[in-house]
Amino acid sequence: MLEINLIRNHQEEIIEGLKKRNFDAIDIVNQITKLDNKWRSEKSKMESIAANLNQLSKSIGACYKNGEIEQANDLKNKTKALKENEQTLKATVDSIQKQIEELMYEIPNIPNKEVVKGNSEEDNEIILSYGEEPKFTSEPLPHWELAKKYNLIDFELGVKVTGSGFPFYVDKGAKLQRALINFFLEEAGKAGYKEYMSPHLVNERSALATGQLPDKEGQMYHANTDNFYLIPTGEVPLTNIYRDVIIPNEDFSIKLTGYTPCFRREAGSYGKDVRGLNRLHQFDKVEIVRIEHPNNTQKALEEMVEHIKSLLSKLNLQYRVLRLCGGDMGFTSALTYDFEVFSAAQNKWLEVSSVSRFYSYQSNRLKLRFKGNDKKNHLCHTLNGSALALPRILAALLENNQKEGKIEIPKVLHAFCGFNEIS
RNA sequence: GGAGAGAUGGCAGAGUGGUCGAUUGCGGUAGUCUUGAAAACUAUUGAUCGUGAGAUCCGGGGGUUCGAAUCCCUCUCUCUCCGCCA
């Protein structure tokens with residue numbers, strides 16, 4: 001959620017900035033401004049009546065103490081009309097406030113200045129490419145065929161037990177998952193991220209605070225009986241650790257990491273994009289989250305990008321980094337870098353990580369603040385990124401490292417999985 | 001799942017209808033003393049909204065009352081005992 005002060009004082013910037021998302025903000029900003037002015041004047045009226053009532057109540061109390069019953073009753077009669085007046089005003093003020101809040105939820109974050117205008121992934125900018133396309137002597141197999149050939153992943157069994165998009169990882173496939181998770185967590189730890197193992201279900205407030213609600217209601221699994229949501233990403237529990245927290249100035253930077261499964265309904269997805277591991281309802285991910293002083297948020301972003309680059313390099317994967325255009329960026333993000341690895345057998349790029357910078361957009365809902373040098377509270381900045389999401393990494397590893405009769409495992413993983421190849 | 005108790009400021013913990021935004025202790029900050037530190041002493045120390053006067057906040061929501069931390073209803077959460085259980 002944007003800060004209300006931004007809407008009060010920087011309307012042009014908001015409207016201009018949101019054009020990059022093809023979001024026409026003129027109407028909504030005008031509506032909010034109008035409501036906000038009304039809210040302030042009505043609230044001010046209400047408060048002066050409240051002050052009046054408070055005074056009268058005190059006088060009544062004093063009268064009773066002095067035994068001036070009649071005078072007290074006189075004053076009591078005076079409060080009646082004021083009270084009614086106050087209640088009417090309160091109803092108005094509350095309803096205006098609610099309207100403002102609902103409108104505020106509809107405004108996405110303002111893209112950073114380097115973000116370009118665009119409609120879809122076609123308009124994303126490639127800002128870095130690394131590595132070379134792997135060479136094969138014969139036609140490489142896609143990972144779903146490799147998974148079958150070497151009995152690493154059982155998609156049919158997942159369908160039987162749960163449904164499509166919930167695969168079983170088997171034997172060396174399962175061990176490889178575990179190895180990747182450990183490798184990613186170890187690397188994050190070395191980079192100074194504190195490890196958490198979090199709940200996989202969260203309450204409504206948490207989902208609201210990181211912005212999954214109300215915008216993306218349909219994308220989460222919902223445990224109705226207890227009103228819990230299955231987390232679509234580790235970002236939700238990790239960031240919510242700091243909901244309603246005021247951070248002492250010296251505690252920055254805060255760096256968190258955690259492995260969680262992620263659950264996504266992915267309603268409406270179908271076709272070749274969902275083949276094999278490309279899109280699942282449940283997948284594993286190691287997430288990194290940072291909570292920063294506004295001065296350090298740029299540096300934090302760069303560090304996160306470097307961290308993810310190093311992971312992909314160590315895994316020997318060919319990758320590229322994209323800066324997402326306004327139209328392709330998530331609702332709450334101001335700047336997002338996507339990392340994609342090249343899948344040789346599918347001949348396409350697969351997204352394996354997304355690093356986003358939110359400015360105070362999340363903090364505002366989270367009420368996540370720090371005590372500044374001016375002794376006042378200010379909103380923190382939050383960032384997060386996948387480091388990394390497993391399925392497509394696994395897909396690329398299998399496909400790109402296939403050799404005659406075996407699949408080679410990258411060196412860095414040997415110690416974690418206990419084997420060098422799959423045959 | 002059954003029975004009971006409870007939820008107050010960073011923490012502990014008073015307060016059961018009227019200057020209570022809240023006694024006190026600890027902690028934090030600043031100062032005095034000290035070469036420095038500790039101790040001691042003194043002062044200060046919650047948040048939100050509002051240009052401001054001021055308003056609001058004692059788990060959340062609602063009610064009674066001129067007036068609610070205090071009374072009533074309801075929800076949520078925590079603890080204790082019993083039951084069940086990895």
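Every chain is numbered from 1 and lettered A, B, ... according to where its sequence line falls, protein lines coming before strand lines. Just so you know, these numbers use all the heavy atoms, side chains as well, and skip hydrogens, waters and symmetry mates.
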Side chain of A:K83, heavy atoms from C-beta onward: which of B:U65, B:A47, B:C49 has the nearest atom to it? B:U65
With rounding to the closest Å, how many angstrom separate the P atoms on B:C82 and B:U74? 28 Å
Determine the Euclidean distance between corresponding P atoms of B:G15 and B:G9; express it in Å to zero decimal places. 16 Å
Does B:G52 have OP1 or OP2 sitting under 4.0 Å from an N or O in the side chain of A:R40? no
For the residue pair A:E399 / A:Q346, report whether a side-chain donor-acceptor contact shorter than 3.5 Å exists. yes
A:K194 side chain to A:T257 side chain, donor-acceptor N/O pair below 3.5 angstrom: no
What's the gap between B:A22 and B:C77 when it is taken at their C1' atoms, as a whole Å value? 24 Å
A:A51, nearest nucleotide to its side chain (from B:A55, B:G52, B:G46): B:A55
For B:U8 versus B:U23, give the span between their P atoms, rounded off to a whole number of Å. 16 Å
Taking the side chain of A:K371 as heavy atoms from C-beta outward, which of B:A47, B:A53, B:G18 is closest to it? B:A47
When the P atoms of B:A55 and B:A3 are considered, how many whole Å apart are they? 45 Å
Counting side-chain heavy atoms from C-beta on, which of B:G50, B:C66, B:A47 comes nearest to A:S57? B:C66
With rounding to the closest Å, how many angstrom separate the C1' atoms on B:G18 and B:A37? 49 Å
What contact category does A:L75 fall into here, base, sugar-phosphate, or nothing, at under 4.0 angstrom with non-hydrogen atoms? nothing
Given the P atoms of B:U78 and B:U29, what is the spacing between them in whole Å? 33 Å
Between B:G31 and B:G50, how far apart are the two C1' atoms, rounded to whole Å? 34 Å
Hey, does A:K45 reach any base, or is it just sugar-phosphate, or nothing, if we go heavy atoms under 4.0 Å? nothing
Polar contact flag, side-chain donor to acceptor under 3.5 angstrom, A:N85-A:T88: no
Taking B:U65, B:C49, B:G52 as options, the one with an atom nearest any side-chain atom of A:W39 is B:C49
Under 3.5 Å, is there a donor-acceptor pair between the A:S44 and A:S41 side chains? no
Using a cut-off of 4.0 Å on non-hydrogen atoms, how would the nucleic acid contact of A:T79 be classed: base, sugar-phosphate, or nothing? sugar-phosphate
At less than 4.0 Å, is any side-chain N or O atom of A:K65 found next to OP1 or OP2 of B:G67? Yes or no. no
Tell me whether A:K172 forms a cation-pi arrangement with A:Y150, defined as NZ or CZ under 6.0 Å from the six-membered ring centre and within 45 degrees of its axis. no
So, OP1 or OP2 of B:G54: does either fall under 4.0 Å of a side-chain N or O from A:K43? no
Under 4.0 Å between any heavy atoms, over every strand shown, what does A:R369 touch: base, sugar-phosphate, or nothing? Just pick one. sugar-phosphate
At under 4.0 Å between heavy atoms, what does A:N54 touch on the DNA or RNA strands: base, sugar-phosphate, or nothing? sugar-phosphate
Does A:N377 reach a base, just sugar-phosphate, or nothing at all? Heavy atoms under 4.0 Å. sugar-phosphate
With a sphere of 6.0 Å drawn around CD of A:E12, does it hold more than 12 non-hydrogen atoms of other residues, nucleotides or ligands? no
